[in-house]
Amino acid sequence: INKHVDSGASLYKELCDAGVAKEQARSILPFLLVTQFVWTGSLLAYLHLWSLRLKPDAQQETREVASEMLKIVKELPNEPFKYSLEAFGY
């Protein structure tokens, strides 16, 4: 398994170095390879995201991710966005 994971990671790097977009190159990575990313944005941007992605007509997986993001923001220490979230109905 490690040989295949290493091979996939190597091919991913080669594709990126060749100018293939990372989001397309990722399609060759094995599913068991752990990836991590940091997503930043303003509160206004997140409010807009939640207004679109928490709707019933949004894709289920997308709703789950957006819901988890909202939960994380609500649980930040000292609740820095408590009143803003309440004002927007969250």
Side-chain angles (χ1 to χ4, degrees):
I1 292 177
N2 288 339
K3 179 177 108 177
H4 295 293
V5 171
D6 292 342
S7 176
S10 178
L11 180 55
Y12 169 78
K13 184 176 179 345
E14 287 179 35
L15 290 170
C16 290
D17 290 346
V20 175
K22 290 180 181 180
E23 56 271 16
Q24 292 176 327
R26 273 194 292 270
S27 66
I28 58 90
L29 291 174
F31 288 115
L32 58 83
L33 188 66
V34 175
T35 58
Q36 182 178 1
F37 67 94
V38 175
W39 189 351
T40 62
S42 66
L43 180 60
L44 182 60
Y46 284 114
L47 290 167
H48 180 68
L49 177 133
W50 295 322
S51 73
L52 298 174
R53 304 303 179 215
L54 292 175
K55 289 181 178 180
D57 64 341
Q59 182 180 8
Q60 176 66 30
E61 293 84 357
T62 302
R63 282 196 315 271
E64 291 171 6
V65 170
S67 180
E68 186 64 25
M69 291 169 67
L70 178 57
K71 179 182 171 198
I72 290 168
V73 170
K74 284 182 171 183
E75 294 175 354
L76 287 171
N78 301 319
E79 301 178 283
F81 302 111
K82 178 181 178 179
Y83 299 112
S84 297
L85 292 172
E86 287 175 2
F88 283 89
Y90 298 107

Can I get a per-line list of side-chain donor-acceptor pairs under 3.5 Å for residues 81-90, giving both atom names and the distance, sequence neighbours left out?
unit_1, atom_1, unit_2, atom_2, d
Y90, OH, S51, N, 3.3

With rounding to the nearest 0.5 Å, note down the distance linking CE in M69 to CH2 in W50. 6.5 Å
Drop me the distance from Y46's OH to I72's CD1, to the nearest 0.5 angstrom. 9.5 Å
Holding to side chain to side chain contact (heavy atoms under 4.5 Å, CB included), I want the full list of residues that pass it with Q59, two or more places apart in sequence or in another chain. E61, T62
Nearest 0.5 Å, please: how far is CG in L47 from CG in L52? 11.0 Å
Return each pair, listed once, that meets side chain to side chain donor-acceptor pair (under 3.5 Å) where at least one residue sits in residues 12-22; pairs must be two or more places apart or across chains. K13-D17
Could you pull out all residues at least two apart from S42 that satisfy side chain to side chain contact (heavy atoms under 4.5 Å, CB included)? L44, A45
Which residues satisfy the side chain to side chain contact (heavy atoms under 4.5 Å, CB included) test with V20, sequence neighbours excluded? L15, Q24, A25
Just wondering, do T40 and V38 contact through their side chains at under 4.5 Å, heavy atoms? yes
Side chain to side chain donor-acceptor pair (under 3.5 Å) contacts in which one or both residues fall within residues 63-75, not counting sequence neighbours: Q60-R63, Q60-E64
Where A66 and L54 come nearest, the two heavy atoms and their spacing: CB-CD2, 3.7 Å
State whether the number of non-hydrogen atoms from other residues, nucleotides or ligands found under 6.0 Å of D57 atom CG is greater than 12. yes
